[in-house]
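Each remark here refers to the structure printed beneath this line.
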Amino acid sequence: MTIGAAILLIAIGAVMKWAVTAHVSGFDIQTAGTIIFIIGLVALVIAVAYTFWGGPRRDTEAVRRPPGPPPAI
């Protein structure tokens, strides 16, 4: 899961938890929002940790090549 998807889950969970005031019988919207919010937070922590510490390493050093022959005049 990417950082953007985790932030989207956090936003959806927060809206369901604090902005929705509807009541549905048999389903608690606020509890579902809390669960989605927590899943988003955990996913964000994992995504950031993977991005900075667990991702594939890239070689940042430039490859130096010997100079080629001089241009022909």
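The analysis underlying the following values was restricted to heavy atoms, covering all of them including side chains, and did not include hydrogens, waters or symmetry mates.
- Of all heavy-atom pairs between I3 and A47, the closest is CG1-CB, 3.8 Å.
- Linking ILVMFWY side-chain heavy atoms closer than 4.5 Å, directly or via other members, places V48 and V42 in two distinct hydrophobic clusters.
- Hydrophobic clustering (ILVMFWY, side-chain heavy atoms < 4.5 Å, transitive): M16 and V24 are in one cluster.
- Hydrophobic clustering of Ile, Leu, Val, Met, Phe, Trp and Tyr side chains at less than 4.5 Å, counting indirect connections, keeps F37 apart from V45.
- With hydrophobic clusters built from ILVMFWY side chains whose heavy atoms lie under 4.5 angstrom apart, I38 does not share a cluster with I35.
- To the nearest 0.5 angstrom, K17 atom NZ is 12.0 Å from I29 atom CD1.
- The shortest heavy-atom contact between A22 and Q30 is O-NE2, 4.4 Å.
- In the hydrophobic clustering of this structure, L8 groups with V20; members are Ile, Leu, Val, Met, Phe, Trp, Tyr whose side-chain heavy atoms approach within less than 4.5 Å, directly or through other members.
- Heavy-atom minimum distance, I36 versus L9: CG2-O, 3.4 Å.
- Minimum interatomic distance between F27 and A32 (heavy atoms only, all atoms of both residues): CZ-CB, 3.7 Å.
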